[in-house]
Structures are given as structure tokens and as C-alpha cells.
Novice: 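Have a look at this one.
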Amino acid sequence: MINIATRIDPAIAAAVSELLQQLAGRHLIGNALVTAVAGATLDVIDPATGQVLGRAPAATSDDVAKAVDAASAAYPIWAATPARQRGRLLAQAAQRIAERSEVIAAVLALETGKALRTECRGEIAVAIDIITLYAGLASELKGETLPFDPQVLSFTTREPLGVVAAILPWNVPLVLMMLKIAPALVAGNTVVVKASEEAPFATIEAARLIAELLPPGVLNVICGTGRDCGMTLVEHPNVAKVTFTGSQAVGELIYQSAARKIIPVSLELGGKSPMIVYPDADLPRAVAGAVAGMRFTRQGQSCTAASRIYVHASRFDDFVAALRDAVSTLTIGDPLDEATDIGTVISQKQKTKIESYIALGEATPGATTLRCGALPTASHLKDGLFLQPTIVTGLPEDSPLMREEIFGPVVCVQSWSDEDDVLAKANDSDFGLAATVWTMDLRTALRATARLDAGYVQVNQNLTIQPNLSYGGFKKSGLGKEASLEAMLEHFTRKKTIVIDMR
Ligand code: NAD
């Protein structure tokens with residue numbers, strides 16, 4: 001176990017160490033921390049130091065079966081619990097997570113490499129906000145009366161689906177978990193979460209705090225590889241619904257597998273989100289929006305990252321200079337350090353992939369690559385997976401940097417002069433997750449937002465997922481919505497029509 005006591009408040013460090021020992025090699029099944037049936041584990045690496053942080057359990061089909069059995073057994077009692085009671089229990093869970101937030105935030109920073117101050121604390125706050133939202137929506141699980149025949153009572157009810165499988169990536173695991181489990185649980189489903197094998201511990205701990213308030217088996221978390229744990233869970237005959245956030249490639253596999261069982265799926269996949277800056281944009285605001293929207297403080301590891309920025313030619317040079325200045329002021333360093341703005345990327349594999357895109361940008365004739373800010377020099381971080389925010393300009397539209405999801409701190413900035421042309425380029429992508437428009441003219445904003453082929457379109461702001469704003473991608477960015485009442489009703493319940501002849 002690595003020594004973190006020199007990097008963070010000693011009391012938090014002690015609590016983190018104790019927690020990592022408790023969780024070592026264990027799933028959360030039926031409200032107990034249980035070792036994997038075969039006893040196999042996967043090392044979880046602290047990406048800031050390269051040292052082993054802890055051991056995640058490596059599930060086999062036996063662990064998956066145990067978790068689904070626990071969720072299936074708990075389903076009748078949970079589905080029969082009044083909806084508002086389910087909501088009340090979730091609201092209490094939000095409070096428990098808030099009380100433990102400093103320890104969970106430190107674990108999150110250690111396993112993901114995301115900075116504690118700029119990312120991890122905020123992630124927990126949003127996760128709590130999402131639970132609170134859904135806890136209050138329990139009364140909205142309503143049906144309708146249907147005008148049919150005055151002598152016949154016709155109405156619909158909303159029923160839970162059964163056991164929901166929720167499969168998570170590593171980049172914002174707590175928020176993404178809450179977007180799935182909170183509506184699923186409030187709607188009366190039981191859940192088996194498949195945590196990311198790269199960042200499982202904050203997920204398991206937050207889930208444990210919720211699960212302890214609920215009947216055993218209502219909420220379970222297992223961990224393992226995508227194939228042995230994730231796909232085995234999707235294929236389990238008692239799983240009635242799969243909700244997945246992750247890559248497009250895995251989303252396709254899950255969709256195919258779910259099709260064989262004819263069960264519903266929600267998919268939140270990748271993005272290559274355009275940001276269009278018009279000549280009349282408030283430039284400082286747009287630059288701040290680009291820094292926030294690219295999620296530079298998260299090393300760009302965001303599905304909605306504003307990774308293709310189109311700036312009107314009349315503002316292009318000023319925009320690029322201001323963006324370079326803004327990102328150069330961000331401090332790259334130890335994720336646990338309160339002074340750090342930007343931590344690491346998640347893994348050596350991701351770092352190598354991102355560096356290959358940067359090298360390609362540097363080798364592209366006519367393109368300019370600006371690496372901004374300074375890498376940390378502290379000796380304990382010498383093996384850390386740090387990268388500088390990188391701005392690439394002047395790329396051809398068909399460059400892989402413009403078309404593929406890099407999932408790193410690399411932003412492409414292009415110049416435009418014709419509105420039809422820039423909107424066509426913005427839409428010329430396999431993805432359709434998010435887009436932003438920067439203008440002070442409402443007519444321009446409405447024209448552009450109507451034409452943009454993306455599920456989440458913002459004007460003069462570049463926020464990430466917000467509780468109560470329905471969120472979900474078009475095209476290969478996914479299927480279905482999250483973060484809203486609509487998401488709970490459409491994706492975690494089924495509607496039954498009941499017709500009673502009263503004659
Ligand atoms: P990933 O697809 O590699 O893995 C996601 C999860 O799926 C992990 O738990 C993994 O173990 C599991 N998995 C892998 N193979 C599987 C299989 N064959 N069957 C079942 N499960 C399997 O994604 P990642 O690298 O963890 O995360 C990054 C990706 O997530 C990016 O593409 C990003 O855009 C996407 N993402 C999307 C959103 C969104 O809301 N649209 C949010 C965050 C991340």
C-alpha cells in the first residue's frame with residue numbers, strides 16, 4: 001500500500017488506507033463486502049505515482065450470478081415498497097455520502113488521477129444533487145387515465161423493470177453511477193452495478209453507504225474485466241435492462257447482446273462536440289467556456305469535451321492567444337494537492353494514445369501545435385501520467401484529430417467564415433452528443449441550435465451534465481436520456497394499460 005500521508009491531511013489518509021484495505025478484492029453483494037468467488041484480483045494503479053493503490057475483485061460468472069441472484073431476491077420487496085418511501089431512503093443516502101465526502105473524494109482522486117479540488121469534490125456534489133433530484137421525483141411515477149368508453153375504466157400504470165445492470169466507465173464514475181442507480185431505485189428496480197476496473201473504489205464505497213439503508217440485495221456492485229464481468233452481466237437471463245456509459249465499441253457489443261434477449265438498453269457513448277464562436281461572441285466568456293468545456297481540469301477526459309472549436313476568422317487569432325494564455329495558467333500537479341488544477345490521465349495506455357494524436361498533429365503540414373503549461377517536477381510524481389493541455393490549429397477537416405474522440409487534453413481550433421459551411425462541418429461527425437454556440441444575437445442562436453445535430457446544445461455556456469436537464473446523444477453518441485424525470489419514466493419503468501369493463 002502506498003504512503004499518502006505526506007500528500008494529504010493525515011486523518012483523511014488514514015481513513016483512505018483503512019477503506020482500501022476493507023475493499024481489497026471485494027464486491028458489494030447483499031449489503032456485504034464479499035471476496036470474489038475465485039479470489040482473483042486486478043491491481044488498481046494511482047496514475048499520479050504509478051504505484052499500486054489497491055486491488056479490485058475480478059469477477060467471474062459465479063460472482064455475477066451471486067449479485068444477480070441477490071438483486072432478484074430483493075426485487076419483490078423493493079418493488080412493493082411505496083415509491084415515496086424509496087425516495088425518502090435515497091434522500092437519506094445523499095446525506096450519508098455528504099458526510100463521508102472528503103474520504104470518497106480522496107479515493108476518487110487517487111484512483112482516477114483527477115484533481116481533488118477542481119474535480120473530485122465537485123463530482124461528489126453533483127452526485128448528491130442527482131440523488132436528491134430523483135428522491136424528490138418518486139411521486140411522479142404516475143400513470144394516465146385514457147378516454148375510451150364511459151362504461152370502461154382505462155388507465156396506465158408505471159411498473160419497475162426488474163434487475164437493472166448499470167455498467168460504468170472510469171472518468172466520472174460517481175456522477176454516472178447516480179444517473180443510473182438513483183432513477184432505477186426510485187422507480188422500484190434493483191440494481192447490479194459493474195464498476196470500472198480502473199477506478200472501482202469510490203464507486204463501491206458510495207454504493208455501500210446507499211445500500212446499507214436499503215433491503216439487502218437492492219443495490220450491489222461487482223467489479224472485473226469488461227468481458228468476464230461486464231458481458232456476463234449483460235447476458236445474464238435475469239437482467240431486465242442494461243444502462244451503459246462508455247465507449248462506442250463496447251456500446252455496440254452490449255446493444256447486440258441485449259437484442260438477443262430483447263431487453264431495453266440505454267447507451268451513453270462518445271462525442272466530438274463542436275463549439276461555434278460567432279463574430280459577435282463575448283470573447284473572454286467564450287474562452288472561459290472553452291477551458292471549462294474542454295474539461296481541461298479533467299485532462300479532457302469527458303464525453304462532452306468541446307474538442308472541435310470553430311472560431312470566426314475575425315476573432316480567430318485573439319481567441320487562440322487568449323485560450324493559450326488561459327490554459328497556461330493552470331497548475332498541473334499531484335491530484336491530492338490543493339494547489340493543483342489538473343491531475344493525470346487514467347492509464348499509460350490512454351497516455352500513449354493521446355500522445356500519438358499530438359504527434360500526428362505536430363507532423364501535419366500546415367497545422368500548429370501548442371503545448372501549454374508546465375509538467376510537475378516533484379520526485380514522487382516522476383512516473384505520473386501527466387500531459388500538458390494542447391491546442392492544435394490549422395488541421396484538415398478529415399484529420400483523425402478532428403474526427404476521432406481523443407479523450408485527452410487536446411483541442412482542435414479551426415477558423416470559419418461561412419455559416420452554412422461551419423454548421424455542415426460541425427454536423428459532419430459520427431457523434432452527436434453535445435454542441436455549443438457563442439453569440440449575443442438570439443436570432444443567430446436559434447438558427448444555429450435548430451440546425452445542430454446534437455442532443456445537448458448550449459448557448460454561451462459549456463456545462464457538463466446538469467440534474468434536471470435531459471441529457472443524451474444523437475447518432476453514435478448513444479440511445480436514451482439521463483438526468484431527468486423523462487429518463488426515469490422512459491428508461492426505468494414499463495407502462496401497463498389496464499382496461500376494466502364496469503358494465
Ligand atoms: P469502456 O467502454 O472501455 O468501458 C466502460 C465499461 O464497460 C467498463 O466498466 C468496462 O469494464 C466495461 N466493458 C468493457 N468491455 C465490455 C464488454 N465487452 N461488455 C460489457 N462491458 C464491458 O469505456 P472507458 O474507457 O471506461 O470510458 C471512456 C468512454 O466512455 C469514452 O468513449 C467516453 O466518451 C465514454 N463516456 C461517455 C459518457 C456519456 O455520457 N455519453 C460519459 C462518460 C464517458
Novice: To the closest 0.5 Å, what do you measure between CG (Asn31) and CG (Leu219)?
Specialist: 8.0 Å
Novice: If I compare all heavy atoms of Leu28 with all of Ala211, which pair ends up nearest, and what's the gap?
Specialist: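 Here Leu28 and Ala211 meet closest at CD2-CB, 4.1 Å.
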Novice: Do any N or O atoms from the side chain of Glu111 and from the backbone of Ala202 form a donor-acceptor pair under 3.5 angstrom?
Specialist: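 Here the side-chain-to-backbone pair exists.
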Novice: Which heavy atom of Thr132 sits nearest a heavy atom of Ala94, and at what distance?
Specialist: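 Distance-wise, the nearest heavy atoms are OG1-CB, 3.9 Å.
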Novice: Would Glu405 and Lys272 satisfy salt bridge (charged side-chain N to carboxylate O under 4.0 Å, His left out), going step by step from the backbone distance to the final call?
Specialist: CA-CA 6 Å; Glu405 185 182 50; Lys272 193 74 191 174; over 6 Å; no
Novice: Have Gln95 and Glu99 got a donor and an acceptor in their side chains that come within less than 3.5 Å?
Specialist: yes
Novice: Which heavy atom in Tyr134 sits nearest to a heavy atom in Ala487, and how many Å separate them?
Specialist: OH-CB, 3.8 Å
Novice: Within the structure provided, determine whether Lys261 and Val242 are in side-chain contact (heavy-atom separation under 4.5 Å).
Specialist: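 Heavy-atom side-chain distance check fails, nothing below 4.5 Å.
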Novice: Work out which heavy atom in Leu161 is nearest to a heavy atom in Ala240; give both atom names and the distance.
Specialist: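 It is O-CB, 3.4 Å.
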Novice: Backbone N or O of Leu336 within a donor-acceptor pair of the Glu338 side chain at under 3.5 Å?
Specialist: no
Novice: So, Ser17 versus Gln21: side-chain donor-acceptor pair below 3.5 Å or not?
Specialist: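 No, because no side-chain N or O of Ser17 sits under 3.5 Å from a partner of the opposite role on Gln21.
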Novice: Stepwise, does the salt bridge (charged side-chain N to carboxylate O under 4.0 Å, His left out) test hold for Asp341 with Arg117?
Specialist: CA-CA 7 Å; Asp341 295 304; Arg117 178 178 55 82; 2.7 Å; yes
Novice: For Asn171 and Gln301, indicate whether the former's side chain and the latter's backbone hold a donor-acceptor pair under 3.5 Å.
Specialist: yes
Novice: Closer than 3.5 angstrom, by distance alone: can the side chain of Lys180 be matched with the main-chain N or O of Leu168 as a donor-acceptor pair?
Specialist: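 Absent.
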Novice: Please assess Val34 against Arg26 for the test side-chain contact (heavy atoms from CB on, under 4.5 Å), listing each intermediate value before the final yes or no.
Specialist: CA-CA 5 Å; Val34 294; Arg26 292 191 171 84; 6.0 Å; no
Novice: So does Arg100 pair up with Glu205, basic N to acidic O under 4.0 Å?
Specialist: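 Yes, this pair counts.
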Novice: Would you call Thr118 and Ile342 a side-chain contact if the rule is heavy atoms closer than 4.5 Å?
Specialist: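 The answer is no, as the side chains (C-beta and beyond) never meet within the 4.5 Å cut-off.
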Novice: Quick check for you: to the nearest 0.5 Å, what is the distance between Leu176 atom CG and Ile181 atom CD1?
Specialist: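 Leu176 atom CG to Ile181 atom CD1 measures 11.5 Å (nearest 0.5 Å).
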Novice: Output all residues satisfying ring-ring contact (aromatic ring centres under 6.0 Å, His included) with Tyr471, sequence neighbours left out; order by chain, then residue number.
Specialist: Tyr456
Novice: Any side-chain to backbone donor/acceptor pair from Ser477 onto Gly270? Under 3.5 Å, distance only.
Specialist: yes
Novice: With heavy-atom distances below 4.5 Å as the criterion, would you say the side chains of Cys303 and Glu268 are in contact?
Specialist: no
Novice: Could you tell me if the side chain of Val68 sits less than 4.5 Å from the side chain of Leu233, heavy atoms only?
Specialist: yes
Novice: Do Leu479 and Tyr255 touch side chain to side chain, with heavy atoms closer than 4.5 Å?
Specialist: yes
Novice: What's the separation between atom CE in Met488 and atom OG1 in Thr493, rounded to the nearest 0.5 Å?
Specialist: 8.0 Å
Novice: Only counting residues at least two apart or in another chain, list the ones meeting side chain to side chain donor-acceptor pair (under 3.5 Å) with Arg371.
Specialist: Glu362
Novice: Would you say Arg96's side chain and Ala206's backbone share a donor-acceptor pair under 3.5 angstrom?
Specialist: no
Novice: Answer yes or no: is there a donor N or O on one side and an acceptor on the other, between the side chain of Asn189 and the main chain of Val163, under 3.5 Å?
Specialist: no
Novice: I'd like to know if the side chain of Thr60 pairs up with that of Asp63 as donor and acceptor (distance under 3.5 Å, no hydrogens or angles considered).
Specialist: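 Per modelled atom types, Thr60 and Asp63 side chains form a pair under 3.5 Å.
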Novice: Filter on side-chain hydrogen bond (donor to acceptor under 3.5 Å, both in side chains), then keep only pairs touching residues 216-241, sequence neighbours left out; what's left?
Specialist: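 As it turns out, the side-chain hydrogen bond (donor to acceptor under 3.5 Å, both in side chains) pairs with a partner in residues 216-241, which skip direct neighbours, are Lys241-Ser266.
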Novice: Within the structure provided, determine whether Ile8 and Leu110 are in side-chain contact (heavy-atom separation under 4.5 Å).
Specialist: no
Novice: Can you check whether Ile391's main-chain N or O pairs, donor with acceptor, with Arg324's side chain at less than 3.5 Å?
Specialist: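 No; zero donor-acceptor contacts below 3.5 Å.
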Novice: Measuring from Ile358:CD1 to Ile406:CD1, what's the distance to the nearest 0.5 Å?
Specialist: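 Output value for this atom pair is 8.0 Å.
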Novice: Can you tell me how far apart OG1 (Thr464) and CG (Leu469) are? Round to the nearest 0.5 Å.
Specialist: 11.0 Å
Novice: If you define the side chain from C-beta out and look only at heavy atoms, does anything of Ser273 sit under 4.5 Å from Arg308?
Specialist: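 No, too far: nothing below the 4.5 Å cut-off.
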Novice: If we ignore hydrogens and angles and just use 3.5 Å, is the side chain of Ser257 paired with the main-chain N or O of Ile254 as donor and acceptor?
Specialist: no
Novice: Considering all heavy atoms of both residues, which atom of Ala184 and which atom of Val191 are nearest to each other, and what is their separation?
Specialist: CB-CG2, 3.8 Å
Novice: Please report the shortest heavy-atom distance between Gly361 and Thr369, naming the atom on each side.
Specialist: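 It is C-OG1, 3.5 Å.
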Novice: Donor-acceptor pair, Arg158 side chain versus Leu489 backbone, under 3.5 Å?
Specialist: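 Side chain of Arg158 to backbone of Leu489, a donor-acceptor pair under 3.5 Å: yes, one is there.
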Novice: Is the shortest side-chain heavy-atom distance between Cys372 and Leu330 below 4.5 Å?
Specialist: no
Novice: Please name all residues satisfying side chain to side chain contact (heavy atoms under 4.5 Å, CB included) with Glu119, sequence neighbours left out, ordered by chain then number.
Specialist: Lys114, Thr297, Arg298
Novice: Show your reasoning for whether side-chain contact (heavy atoms from CB on, under 4.5 Å) applies to Lys66 and Val37.
Specialist: CA-CA 9 Å; Lys66 249 171 107 170; Val37 174; 4.0 Å; yes
Novice: In residues 377-390, what donor-acceptor pairs under 3.5 Å come from side-chain atoms, sequence neighbours left out?
Specialist:
from   : atom 1 : to     : atom 2 : distance (Å)
His380 : NE2    : Asp334 : OD2    : 2.8
Gln388 : NE2    : Gly373 : O      : 2.7
Thr390 : OG1    : Gln388 : O      : 2.9

Novice: Salt bridge between Glu123 and Arg121, side-chain N to carboxylate O under 4.0 Å?
Specialist: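 Salt bridge between Glu123 and Arg121, a charged N being under 4.0 Å from a carboxylate O: no.
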Novice: Drop me the distance from Leu214's CG to Leu185's CG, to the nearest 0.5 angstrom.
Specialist: 6.5 Å
Novice: Could you work out, with side chain to side chain contact (heavy atoms under 4.5 Å, CB included) as the rule, every residue matching Lys353, not counting sequence neighbours?
Specialist: Gln350, Tyr357
Novice: Take atom CD1 in Ile77; do more than 12 heavy atoms of anything else shown fall under 6.0 Å from it?
Specialist: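 No, CD1 of Ile77 has 12 or fewer neighbouring heavy atoms, counting only those of other groups under 6.0 Å.
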